[in-house]
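Have a look at the structure below, then the notes.
Numbers here simply count residues along the sequence, with the first being 1.
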Amino acid sequence: MTSQPRKNPETIYDFTVKDAKGNDVDLGAYKGKVLLIVNVASKCGMTNSNYTELNQLYEKYKDLGLEILAFPCNQFGEEEPGSNEQITEFVCTRFKSEFPIFDKIEVNGDNAAPVYKFLKLGKWGIFGDDIQWNFAKFLVDKDGKVVDRYYPTTAPLSIERDIKTLLGVS
């Protein structure tokens with residue numbers, strides 16, 4: 001199992017997930033930070049633009065309290081077929097990404113990772129709870145509460161204003 005919540009999760013900090021190397025990561029370690037959580041894929045038509053813009057946001061705001069958490073997922077068009085090692089190599093070599101890459105997970109269905117079941121609890125428009133495709137984005141405030149969800153086609157830089165607001169920067 002990729003992520004286990006503690007009892008009845010109230011915030012994102014109530015979860016422990018696996019990183020790409022198989023180590024447990026307590027998301028409580030990110031308390032006080034603004035999180036952008038994204039299901040990623042290496043072979044998607046949106047891969048280049050998303051990783052490029054995610055890197056730009058991370059570089060600009062990581063020292064101000066932004067963390068980007070990337071969860072590879074192969075549920076959409078089998079666009080993330082590689083192993084965790086291959087995915088990490090691709091992301092770190094091709095895009096020079098420095099934000100954390102986690103264990104490959106499922107985001108929809110019976111086998112959806114508990115952390116994604118939690119993220120999807122909100123009322124999110126006409127598509128219901130399911131993630132529509134690669135690069136769906138969830139914005140989480142410093143208290144670990146999900147404050148917004150963005151469609152896969154939403155460019156990361158287009159949500160910069162929302163990130164700045166949560167970070168308290170002008």
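Between Val140 and Val147, the closest side-chain pair of non-hydrogen atoms is not below 4.5 Å. When side chains are defined from C-beta on, Asp141 does not count as touching Leu35, because their heavy atoms never get closer than 4.5 Å.
Side-chain atoms of Asn74 come within 3.5 Å of backbone N or O of Glu79 as a donor-acceptor pair. The backbone N or O of Asp129 sits less than 3.5 Å from a side-chain atom of Arg149, completing a donor-acceptor pair. Looking at Lys104, its side chain does come within 3.5 Å of a backbone N or O of Glu80 through a donor-acceptor pair. For the pair Gln132 (side chain) and Asp130 (backbone), a donor-acceptor distance under 3.5 Å is present. For Ser158 (side chain) and Ala155 (main-chain N/O), a donor-acceptor pair under 3.5 Å exists by modelled atom type. Asn55 places no side-chain N or O within 3.5 Å of a backbone atom of Thr52 that could act as its donor or acceptor partner. Put simply, the side chain of Asp14 never gets that close to the backbone of Pro9: no donor and acceptor are under 3.5 Å apart. Using modelled atom types, one side-chain atom of Lys120 and one backbone atom of Val107 make a donor-acceptor pair closer than 3.5 Å. Side-chain atoms of Lys137 come within 3.5 Å of backbone N or O of Phe135 as a donor-acceptor pair. The closest donor-acceptor contact from the side chain of Ser42 to the backbone of Ile87 lies at 3.5 Å or more, if one exists at all.
Test Val40, Ile101, Val17 against Phe71 for side-chain contact (heavy atoms from CB on, under 4.5 Å) and you get one pass: Val17.
In plain terms, the two heavy atoms of Lys117 and Asp110 that are nearest each other are NZ-O, 3.6 Å. Across Pro100 and Tyr30, no two heavy atoms sit closer than the pair CG-OH, 3.5 Å. What you find for Pro81 and Glu78 is that their closest heavy atoms are CD-O, 3.7 Å. Heavy-atom minimum distance, Ile37 versus Tyr116: CG2-OH, 3.7 Å. Closest approach of Asn111 to Glu106, counting heavy atoms only: CB-OE1, 3.2 Å. Across every non-hydrogen atom of Cys73 and Ala41, the tightest pair is O-CB, 4.3 Å.
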List the atom pairs, with distances to 0.1 Å, where a side-chain N or O of residues 161-170 and a protein N or O form a donor-acceptor pair under 3.5 Å, not counting sequence neighbours.
| unit_1 | atom_1 | unit_2 | atom_2 | d |
| --- | --- | --- | --- | --- |
| Asp162 | OD2 | Tyr150 | OH | 2.6 |
| Thr165 | OG1 | Arg161 | O | 3.0 |

Could you please spell out the steps behind the side chain to side chain contact (heavy atoms under 4.5 Å, CB included) verdict for Val115 and Leu27?
CA-CA 10 Å; Val115 69; Leu27 294 184; 4.0 Å; yes
Steps toward side chain to side chain contact (heavy atoms under 4.5 Å, CB included) verdict (Phe99, Val38)
CA-CA 11 Å; Phe99 49 80; Val38 187; over 6 Å; no
Determine, stepwise, if the pair Phe76 / Asn39 fulfils side chain to side chain contact (heavy atoms under 4.5 Å, CB included).
CA-CA 10 Å; Phe76 307 103; Asn39 61 299; 3.6 Å; yes
Mind running ring pair (Phe, Tyr, Trp, His ring centres under 6.0 Å) on Phe15 and Phe118 for me, showing each step along the way?
CA-CA 9 Å; Phe15 291 86; Phe118 174 79; 5.3 Å; yes
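Distance check: Tyr58 OH to Asp63 CG gives 8.5 Å after rounding to the nearest 0.5 Å. To the nearest 0.5 Å, the span separating CG on Leu69 from CD1 on Ile12 amounts to 8.0 Å. Atom CG of Asp143 and atom OH of Tyr13 lie 6.5 Å apart (nearest 0.5 Å).
Legend: residues meeting side chain to side chain contact (heavy atoms under 4.5 Å, CB included) with Asn23, ordered by chain and number and at least two apart, are Asp19, Lys21. A search for side-chain hydrogen bond (donor to acceptor under 3.5 Å, both in side chains) contacts involving Glu160 returns Lys60, Tyr61, not counting sequence neighbours.
Side chain to side chain, Asp103 and Asn84 meet the donor-acceptor criterion of an N or O pair below 3.5 Å. Between the side chains of Asn108 and Gln75, no donor N or O sits under 3.5 Å from an acceptor N or O.
Between Lys62 and Glu98 a salt bridge is recorded (basic side-chain N to carboxylate O distance below 4.0 Å).
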